Structures are given as structure tokens and as C-alpha cells.
S.K.: 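Here it is, the structure in full.
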Amino acid sequence: MTCKVCGQAGQHQTHQVREMMFGYREWFTYLECSNCGCLQIAEIPADLSKYYPASYYSFTRLPVAKDHGRAYRLMKKIRDCYAIRGRGLLGKWLYQKFPNEPLRSLAGVKDLKKDARILDVGCGSGALLWDLRNLGFGNTLGVDPFLERDFEFANGLRILKRPFFEVDGTWDLIMFHHVLEHLADPVETLRHTARLLSAHGTCLIRTPTVSSYAWEHYGTNWVQLDAPRHLFVHSIKSIEILASRVELEIENISYDSNAFQFWGSEQILRDIPLTSEQSYAVNPSASIFEAAQMKVFKKEAKDLNLSKRGDMAAFYLRKA
């Protein structure tokens, strides 16, 4: 089989991985490219809709939440302003208590102005764009082919049921928040991205990476393999190769992994699906983890990010 990222042909190591989000426990074959290290599913299922039911997490975070009152809105705005700009002691304290990792990743985008044209690919229900609109970013659009229909909200946010390849125009920021790994053709996806980017625009890709302690330690029980939804799980090298093939280059990498790499993988080791009643994601008090253990996981995740060994990273790409 030939690697779809770097084109390397020949013998690649293969791995058998189970579906463990919903507990189907079906087996899927992944190959590990001997050149770029990218993991990729050997055969994409003919019908992936089974693995993206209505309860899939990115479609359940509705941006139109109930009105918690003026004080709540003010505190949320202070937290979100800190997430992007990194200024303010109160905002920092609020962010530590109530983090917003997707929004925080925008702090790494140079010269992000309020009038920037922002496109969120695979936006789900549009929660991130909702927050950006409420912070004054007025030129935003979200697209996701798995939405039920197009939506337009009271604050002007539009999210469209549309494939990325049908989007045109020029954009200053194109975001893929844990989306690229779900797409069948990463090369053409980034080629289209390069066409849409403005001259000094940024492509932000947040994605799991095999260039991590978690992959080395847990192997096929690593939770971020997420078979069969993750069609590609990239290495640093494979992202570099993808970027160079479409005349983009990596400007910066920021590691943003969290405790999920530990507790999710430990659950899979014990045959506990992520949606099980025993899962920490569903019922923390009934899970196998005590508070002290979770504290250790969080500390280890922070240390791995600092040493560039975390299992998730944000890649900032610009035109070469």
C-alpha cells in the first residue's frame, strides 16, 4: 500500500484498532508509514454515518445556551478575551477554572484583527464561532457537511451544511479543530486551503499526533486513534510534508494535550468505551479514577506539552 501523505510505497507496519467510543468493538486495520510515520486507515468504511450518530459530541454543543444573566455574560467575555489576547489577571483566573482550548489556540495566530475573515471547517454546531461573534469578530462562517441544515443565529453567525470544497472567497484564518484527521484526502484539503488563504493568512490545524508519549506508551489502546473516525493520525513529519506539497509551511507548533490521553487510554485498556456509564466522560463519580489520579494525569499532560511530547498539537501554517 502507498502512503497517501508522502507517497512512500512498500511494506508498512500494520496495527489492529478497535472502535471504542460507542463500544462497537469492531476491528480496523491501520498502516504506519515507514517514511513519514503517519497512521492511516487501510480501508475507509463504505458508510461512515454509523460512526457519527446524532449524539456525536460536536453536534450536541449548541451555541444558543440559556441566558444565565448579565454577570455570567460579563465573566465569560473576560475569560474569552484572555483566551485570545492573554491579558488580564481576572481573565487568567477564570480561564484556569473554566478553560476554552479551541479559543485559546487563536492566541497563536499573529495579528488577528476583529475584521479578519474567519472560516471554521467542520464547525459542528458552531460553538467556537458563536464565542468569536460575541467578542466582536464579525466576518465568520462555519461549514460542516454533517449538519442537518443551514443555521443563522441572532448574533449574525451563519453555519452552513456544505462540503469544504464548495467554499470560495478569500480568508484570513481557516481553522480545522480536530477535523483534518477525519477527512479522506488531506492533500487536496490543504491544497484548497492554500487557494483560499489571503497572502498573510493563517491555517490553524489542531489534531492528535503520533509524535507523542501517548502513542509510544499505549499503542493501539491510545484513545486518540478513535477508529474508524480518525482516518489519518499525523506525525510532525507528515504535517510538514503535507504543507510543503501545497506550498504552505509550518510557522509554529503549540502542544495542547490534556488528561484525556491518559484516562481515555486507560479505559480502553480495561475495555470501557467512552460512552459507557462507567466512563469518566459520562459519570466521573462512577469511573475507575479517583480525584487524586486525575490530578496526576493533568500534571503529566502539562509536563508533556512543555517537553513537546503531548498527544495533541496546534499547527500554524502560512504560505511559503
Side-chain angles (χ1 to χ4, degrees), residues 54-144 146-162 171-179 202 204 206 254 256-260 280-285 294 298 301-302 305 312 314 316:
S55 59
Y56 188 67
Y57 76 97
S58 67
F59 300 119
T60 59
R61 299 175 179 175
L62 294 177
V64 188
K66 22 183 189 179
D67 188 353
H68 295 282
R70 184 177 179 183
Y72 172 87
R73 293 195 301 273
L74 177 60
M75 292 298 102
K76 187 174 184 298
K77 188 170 184 178
I78 292 172
R79 187 275 311 261
D80 291 349
C81 284
Y82 170 80
I84 295 180
R85 305 302 184 192
R87 296 193 293 266
L89 291 177
L90 177 57
K92 182 178 181 179
W93 181 83
L94 288 167
Y95 185 86
Q96 289 171 344
K97 296 291 184 181
F98 310 101
N100 184 333
E101 292 170 353
L103 204 60
R104 183 62 174 158
S105 68
L106 271 63
V109 179
K110 289 184 178 178
D111 303 320
L112 184 62
K113 297 180 172 61
K114 292 287 184 71
D115 62 352
R117 289 178 52 81
I118 300 174
L119 175 66
D120 191 5
V121 182
C123 65
S125 60
L128 173 60
L129 291 176
W130 172 269
D131 289 340
L132 285 173
R133 293 288 300 198
N134 289 339
L135 287 174
F137 291 87
N139 296 320
T140 61
L141 178 68
V143 293
D144 197 312
F146 295 104
L147 291 170
E148 290 183 11
R149 57 181 176 83
D150 295 350
F151 292 89
E152 185 162 353
F153 300 101
N155 67 355
L157 170 63
R158 289 191 307 141
I159 57 175
L160 306 179
K161 178 181 173 63
R162 182 176 301 178
W171 301 88
D172 301 308
L173 173 61
I174 300 177
M175 306 185 292
F176 297 86
H177 291 274
H178 292 277
V179 169
T202 298
L204 167 59
R206 295 178 64 235
S254 175
D256 60 358
S257 66
N258 53 44
F260 179 53
Y280 185 81
V282 176
N283 191 356
S285 62
M294 292 302 299
K298 291 176 182 177
K302 184 177 180 180
N305 287 337
M312 297 192 300
Y316 301 85

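Remember, it's a predicted structure, so these values are computed and weren't measured experimentally.
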S.K.: For residues Ala314 and Leu204, report the shortest heavy-atom separation together with the two atoms involved.
M.R.: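 Distance-wise, the nearest heavy atoms are CB-CD1, 3.9 Å.
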S.K.: Using 0.5 Å steps for rounding, measure from the CD1 atom of Ile78 to the CG atom of Leu89.
M.R.: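 If we round to the nearest 0.5 Å, Ile78:CD1 and Leu89:CG are 11.5 Å apart.
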S.K.: Taking the side chain as every heavy atom from C-beta outward, state whether Leu90 and Tyr82 have any atom pair closer than 4.5 Å.
M.R.: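 Sidechains of Tyr82 and Leu90: no contact.
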S.K.: Please list all pairs meeting side-chain hydrogen bond (donor to acceptor under 3.5 Å, both in side chains) that have one or both residues in residues 91-100, counting only residues at least two apart or in different chains.
M.R.: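 Qualifying pairs, neighbours excluded: Asn100-Asp131.
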S.K.: Please evaluate residues Ile159 and Phe153 with respect to the criterion side-chain contact (heavy atoms from CB on, under 4.5 Å), reporting the C-alpha separation (whole Å), side-chain torsions for both, the decisive distance (0.1 Å), and the verdict.
M.R.: CA-CA 9 Å; Ile159 57 175; Phe153 300 101; 4.0 Å; yes
S.K.: To check you understand the geometry: which heavy-atom pair defines the closest contact between Leu129 and Met175, and what is its length?
M.R.: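 For Leu129 versus Met175, the nearest heavy atoms are CD2-CE, 4.1 Å.
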S.K.: Could you grab the distance from atom CG of Leu119 to atom CG of Leu173, nearest 0.5 Å is fine?
M.R.: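 Here the interatomic distance stands at 8.5 Å.
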S.K.: Does some side-chain heavy atom of Leu128 sit less than 4.5 Å from a side-chain heavy atom of Leu103?
M.R.: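 Result yes, sub-4.5 Å side-chain heavy-atom pair found.
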S.K.: Quick one: closest heavy-atom pair of Asn305 and Ser257, and the distance?
M.R.: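 Distance-wise, the nearest heavy atoms are OD1-OG, 2.6 Å.
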S.K.: Rounded to the nearest 0.5 Å, what separation is found between the CG atom of Asp150 and the CG atom of Leu160?
M.R.: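 Asp150 atom CG to Leu160 atom CG measures 4.5 Å (nearest 0.5 Å).
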S.K.: Flag the pair Phe137 / Ile84 as yes when at least one side-chain heavy-atom distance between them is below 4.5 Å, and no otherwise.
M.R.: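 A side-chain contact under 4.5 Å exists here.
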S.K.: Leu106 vs Leu132, test: side-chain contact (heavy atoms from CB on, under 4.5 Å). Steps then yes/no.
M.R.: CA-CA 10 Å; Leu106 271 63; Leu132 285 173; 3.7 Å; yes
S.K.: Looking at residues at least two apart in the chain, or sitting in another chain, which of them share a side chain to side chain donor-acceptor pair (under 3.5 Å) with Arg206?
M.R.: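 His177, Asp256.
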S.K.: Determine whether Trp130 and Ser125 make a side-chain contact, defined as any pair of heavy atoms from C-beta on separated by less than 4.5 Å.
M.R.: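 Counting from C-beta outward, Trp130 and Ser125 never come under 4.5 Å.
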S.K.: Do you know the tightest heavy-atom contact between Ala107 and Ala83?
M.R.: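 Taking every non-hydrogen atom into account, CB-O, 3.6 Å.
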S.K.: Could you check whether atom CG of Leu74 has more than 12 heavy atoms from other residues, nucleotides or ligands sitting under 6.0 Å from it?
M.R.: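 Yes, the 6.0 Å shell around CG holds more than 12 heavy atoms from other groups.
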S.K.: How close do Met294 and Ala259 get, heavy atom to heavy atom, and via which atoms?
M.R.: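 Heavy-atom minimum between the residues: CE-CB, 4.3 Å.
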S.K.: Return the CD to CZ distance between Glu101 and Arg104, rounded to the nearest 0.5 Å.
M.R.: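 One gets 11.0 Å once the value is rounded to the nearest 0.5 Å.
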S.K.: Sorted by first residue and then second, give each salt bridge (Lys or Arg N to Asp or Glu O under 4.0 Å) pair with at least one member in residues 112-125; sequence neighbours left out.
M.R.: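 For residues 112-125: none.
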S.K.: With sequence neighbours left out, what residues match Tyr280 under ring-ring contact (aromatic ring centres under 6.0 Å, His included)?
M.R.: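 For Tyr280 the ring-ring contact (aromatic ring centres under 6.0 Å, His included) partners, ignoring immediate neighbours, are Trp263.
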S.K.: Return the minimal non-hydrogen interatomic distance between Cys123 and Asp144, and the atom names on each side.
M.R.: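 In terms of heavy atoms, the two residues are closest at N-OD2, 3.5 Å.
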S.K.: Are Lys77 and Leu135 side-chain neighbours, meaning at least one heavy-atom pair lies under 4.5 Å?
M.R.: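 Yes, close enough: below the 4.5 Å cut-off.
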S.K.: Suppose we screen for side chain to side chain donor-acceptor pair (under 3.5 Å). Which residues come up paired with Asn134, at least two apart in sequence or across chains?
M.R.: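 Expected list: Asn155.
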S.K.: Treating Lys161 as the side-chain partner and Leu147 as the backbone partner, does any N or O pair qualify as donor plus acceptor under 3.5 Å?
M.R.: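 Flag set: sc Lys161 to bb Leu147 pair under 3.5 Å.
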S.K.: What pairs with Lys302 under side chain to side chain contact (heavy atoms under 4.5 Å, CB included), at least two apart in sequence or on another chain?
M.R.: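 Here no residue qualifies.
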